[in-house]
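This is a predicted model, so every value here is computed, not measured.
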Amino acid sequence: MKNLRLRFSYYGALIVAVQALPNIIWALFPPAQNRLEGNVSSVPFIEYGEHILGVAIVVLLLFLANKTVPNKLHRSAPAIISYIAIALYWLCWGFYFAGMQSNIVLYPMVFLPPVAFFCAGLAGKVWPTSAASAVFLVFHMLVALENFPI
């Protein structure tokens with residue numbers, strides 16, 4: 001924790017940007033069939049907790065960095081896992097836009113971003129990002145389970 005500094009993280013910005021791109025496309029051009037409409041929790045603690053954690057993760061990725069991590073952190077194993085999780089997330093969005101909106105597509109869309117964020121935190125040795133991502137995964141899954149029962 002003593003090596004963490006408030007400063008802009010280009011690596012964190014990259015992770016946020018590539019993960020957010022399908023969501024931006026979805027917001028601008030929603031698919032004709034949209035199973036995610038109304039995907040909220042009826043439990044305020046879970047609903048607000050999910051949103052607060054999501055924003056916190058973005059802020060942590062953008063503005064918290066470890067001063068001891070070399071510039072080549074994007075080549076580390078956790079960073080590569082983060083990239084793979086985001087690529088699979090994009091693939092799921094492709095399926096979603098193509099009309100394949102079963103739980104087999106939706107649930108990876110729920111857990112892949114927190115996995116990517118968790119691994120990005122590991123890659124940058126920014127433990128608060130990984131911790132927030134782990135808790136976010138729980139909230140995100142609870143919302144999904146409420147709306148899309150297995």
Side-chain angles (χ1 to χ4, degrees), residues 1-31 34-37 39-41 45-98 100-101 103-148:
M1 292 291 276
K2 66 181 178 179
N3 294 323
L4 297 179
R5 297 289 181 261
L6 285 177
R7 66 178 187 195
F8 185 76
S9 169
Y10 291 100
Y11 173 71
L14 173 69
I15 295 298
V16 168
V18 296
Q19 187 278 329
L21 187 59
N23 296 285
I24 293 168
I25 294 168
W26 175 71
L28 295 174
F29 309 103
N34 189 359
R35 192 164 173 222
L36 291 174
E37 193 171 318
N39 182 31
V40 296
S41 177
F45 175 75
I46 294 171
E47 182 63 22
Y48 293 125
E50 179 192 34
H51 288 289
I52 290 166
L53 285 163
V55 170
I57 291 166
V58 170
V59 170
L60 289 169
L61 281 166
L62 291 176
F63 300 112
L64 193 60
N66 189 318
K67 69 178 185 173
T68 65
V69 175
N71 290 336
K72 296 180 182 179
L73 75 104
H74 62 278
R75 297 181 189 164
S76 68
I80 292 168
I81 293 168
S82 182
Y83 299 143
I84 291 169
I86 292 170
L88 291 171
Y89 180 64
W90 282 27
L91 180 66
C92 289
W93 270 111
F95 288 139
Y96 187 85
F97 273 93
M100 294 178 258
Q101 299 179 0
N103 285 359
I104 291 174
V105 172
L106 293 178
Y107 274 94
M109 290 170 66
V110 170
F111 70 78
L112 286 168
V115 167
F117 300 148
F118 181 87
C119 291
L122 290 180
K125 295 184 182 176
V126 181
W127 313 119
T129 302
S130 294
S133 299
V135 177
F136 176 70
L137 175 61
V138 172
F139 279 74
H140 213 39
M141 287 297 292
L142 289 171
V143 172
L145 286 166
E146 182 178 338
N147 289 285
F148 311 107

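- Note that the OG atom of S82 and the CZ atom of F118 stand 11.5 Å from one another [nearest 0.5 Å].
- Looking at heavy atoms from C-beta onward, F148 lies in side-chain contact with L36 at the 4.5 angstrom threshold.
- W93 pairs with exactly one of N23, V105, I25, L88 by the side chain to side chain contact (heavy atoms under 4.5 Å, CB included) rule, that one being N23.
- Residues Y96 and P31 form a side-chain contact, since some pair of their non-hydrogen atoms from C-beta on lies under 4.5 Å apart.
- Put simply, the side chain of Y107 reaches to within 4.5 Å of the side chain of M141, judged on heavy atoms.
- Between I81 and C119 the shortest heavy-atom distance is CG2-SG, 3.5 Å.
- Between atom NZ of residue K125 and atom CG of residue N3 there is a gap of 9.0 Å, rounded to the nearest 0.5 Å.
- At a cut-off of 3.5 Å, with distance as the only test, no side-chain donor of R35 or N147 sits close to an acceptor on the other residue.
- Taking 4.5 Å as the limit, every side-chain heavy atom of S9 sits out of range of all side-chain heavy atoms of L62.
- For the pair L53 and A132, the tightest heavy-atom approach, listed with the atom from each and the gap, is CD2-O, 4.1 Å.
- Of all heavy-atom pairs between V110 and L137, the closest is O-CD1, 4.5 Å.
- Nearest heavy-atom pair, I86 versus A116, reported as atom, atom and distance to 0.1 Å: CG1-CB, 3.6 Å.
- A perpendicular orientation is assigned to the rings of Y83 and Y11, their planes being inclined by more than 60° (bins at 30° and 60°).
- Side-chain contact check for W26 versus N34: some heavy-atom pair is nearer than 4.5 Å.
- Y10 and F8 have their aromatic ring centers within a separation under 6.0 angstrom.
- Between V40 and E146, the closest side-chain pair of non-hydrogen atoms is not below 4.5 Å.
- Legend: side-chain hydrogen bond (donor to acceptor under 3.5 Å, both in side chains) pairs involving residues 50-65, not counting sequence neighbours, sorted by first then second residue: E47-H51, E50-H140.
- Other residues, nucleotides and ligands contribute at most 12 non-hydrogen atoms within 6.0 Å of the CD1 atom of I104.
- Aromatic rings from Y48 and F139 are positioned such that their centres are separated by 6.0 Å or more.
- The two residues P108 and C92 come nearest to each other via the heavy atoms CB-SG, 3.6 Å.
- Here the straight-line distance linking atom CZ of F45 with atom CD1 of I52 works out to 9.0 Å at 0.5 Å rounding.
- A 4.5 Å side-chain heavy-atom check between P128 and L4 finds at least one atom pair inside the cut-off.
- Separation of atoms CG (L106) and CZ (F111) is listed at 11.5 Å; rounding is to 0.5 Å.
- The minimum heavy-atom distance linking A123 with V69 is given by the pair O-CG1, 4.0 Å.
- One finds the CG atom of L21 at 10.0 Å from the OH atom of Y89 (value rounded to the nearest 0.5 Å).
- With L61 as the fixed residue, the side chain to side chain contact (heavy atoms under 4.5 Å, CB included) test singles out one of T129, L14, V126: T129.
- Side-chain contact between V18 and W90: present, with at least one pair of heavy atoms (C-beta onward) separated by less than 4.5 Å.
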